[in-house]
Amino acid sequence: MLAELLALAEKTAREAGDLVRDRREAVERMAVAGTKSTPTDVVTESDTAAEELIRSRLFAARPDDGFVGEEDGVVVGSSGVDWVVDPIDGTVNYLYGLPQYAVSIAAQVDGVVRAGVVHNPASGETWTAVLGGGAFLDGRPVRVSACSSLSLALVGTGFGYDAGRRARQASVLLDVVPVVRDIRRAGAAALDLCAVASGRLDAYYERGLNPWDLAAGGLIAAEAGAVVTGLRGAPAGNDLALAATPGVATELTALLERLGADHD
Ligand code: LIP
């Protein structure tokens, strides 16, 4: 069944990816259709159109499933399978025409994420994983890097839409920058997690992620050998999500706990 769920998720992510990419390429400037938590937390017509397409394809194939989507919320199912969907992760990048955004679809079975796909429509790259089956990029196996020291780690991170939250995240970063190789801020959590899975980053951490930012990318990173966790023994989640090579994870977790990165 996991292979079926993954195949459905991948086919649907590619179709939604084509839709949002074609819409983006058809215009010089993408319009903001609305805002959510703050004036900088934007939604475009492509976000909602893609979520509608994803929802209709998944329900056409599996009408009894549940659905958790960034734009249109929750549908409770009866099958035990719930889809956790971000139609465009990295919406601000999408708005500005930066090719760093992704369609992220995860299948949660009895509350556990067991299959996931992250598709970057601009680059065409597609990461996939099923629980216990390893992680893949365009069908080829991927593994995290061999980096085993925080001081040599290339670390990704991100900032929230709330100004106070960003100020707090920046103050944590002030203490992270001097003890790592360098920082990258790419702007899409799902792709940051896949970058860890592919060894393009040695670690990534962020406070404030939603389940749809984290579900598929978190599984892919874990199946590639990353430690995916929160702080103080908590699972990766809204307080803080961290994905890193085993060698870097211990040092980075200890540092972020000491800095209180999991609270404002
Ligand atoms: C984004 C995340 C990113 C984070 C942004 C935002 P969205 O998700 O992918 O890592 O820094 O604040 O949460 O809003 O583009 O789906």
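Note that ligands are numbered from 1 as they come in the structure, with each ligand's atoms numbered from 1 the same way. What you see is a predicted model, and the numbers here were worked out from it, not measured in a lab.
Using a 4.0 Å cut-off between a side-chain N of Lys or Arg and a carboxylate O of Asp or Glu, R207 and D264 qualify as a salt bridge. Between R14 and E10, at least one side-chain nitrogen of the basic residue sits less than 4.0 Å from a carboxylate oxygen of the acidic one, meeting the salt-bridge criterion.
Residue contacts with ligand 1 for F159 involve N, CA, C or O but no side-chain atom from C-beta outward (heavy atoms, distance under 4.0 Å). The proximity of D86 to ligand 1, defined as any non-hydrogen pair under 4.0 Å, is limited to the side chain. Residue R185 touches ligand 1 through its side chain alone, judged by heavy-atom distances below 4.0 Å.
Where the criterion is an N or O separation shorter than 3.5 Å, residue side chain and backbone included, A189 meets it with respect to ligand 1. The shortest N/O to N/O separation between G90 and ligand 1 falls below 3.5 Å.
Within the structure, no pair that satisfies the ring pair (Phe, Tyr, Trp, His ring centres under 6.0 Å) test touches residues 177-220, not counting sequence neighbours.
At least one heavy atom of I88 sits closer than 4.0 Å to an atom of ligand 1.
The main-chain N or O of Q108 is never found under 3.5 Å from a side-chain atom of D82 such that the two would form a donor-acceptor pair. With hydrogens and angles ignored, the 3.5 Å screen pairs a side-chain donor or acceptor of E257 with a backbone N or O of R232.
Ring geometry for F59 versus F67: interplanar angle of 30 to 60°, hence tilted.
Summary of contacts: the protein heavy atom closest to atom 10 (O) of ligand 1 is E206 OE1, 2.9 Å. Closest protein heavy atom to atom 8 (O) of ligand 1: D89 OD1, 3.1 Å. Protein heavy atom nearest atom 13 (O) of ligand 1, with residue, atom name and distance: Y161 CE1, 4.0 Å.
A side-chain donor from one of S145 and D202 sits under 3.5 Å from a side-chain acceptor of the other. The closest side-chain donor-acceptor pair between T38 and D41, if any, does not fall under 3.5 angstrom.
Atoms of ligand 1 found under 4.0 Å from any heavy atom of D213 (numbered from 1 in listed order, with element): 8 (O), 16 (O).
Taking only non-hydrogen atoms, the option from E70, K36, R207 nearest to atom 16 (O) of ligand 1 is E70.
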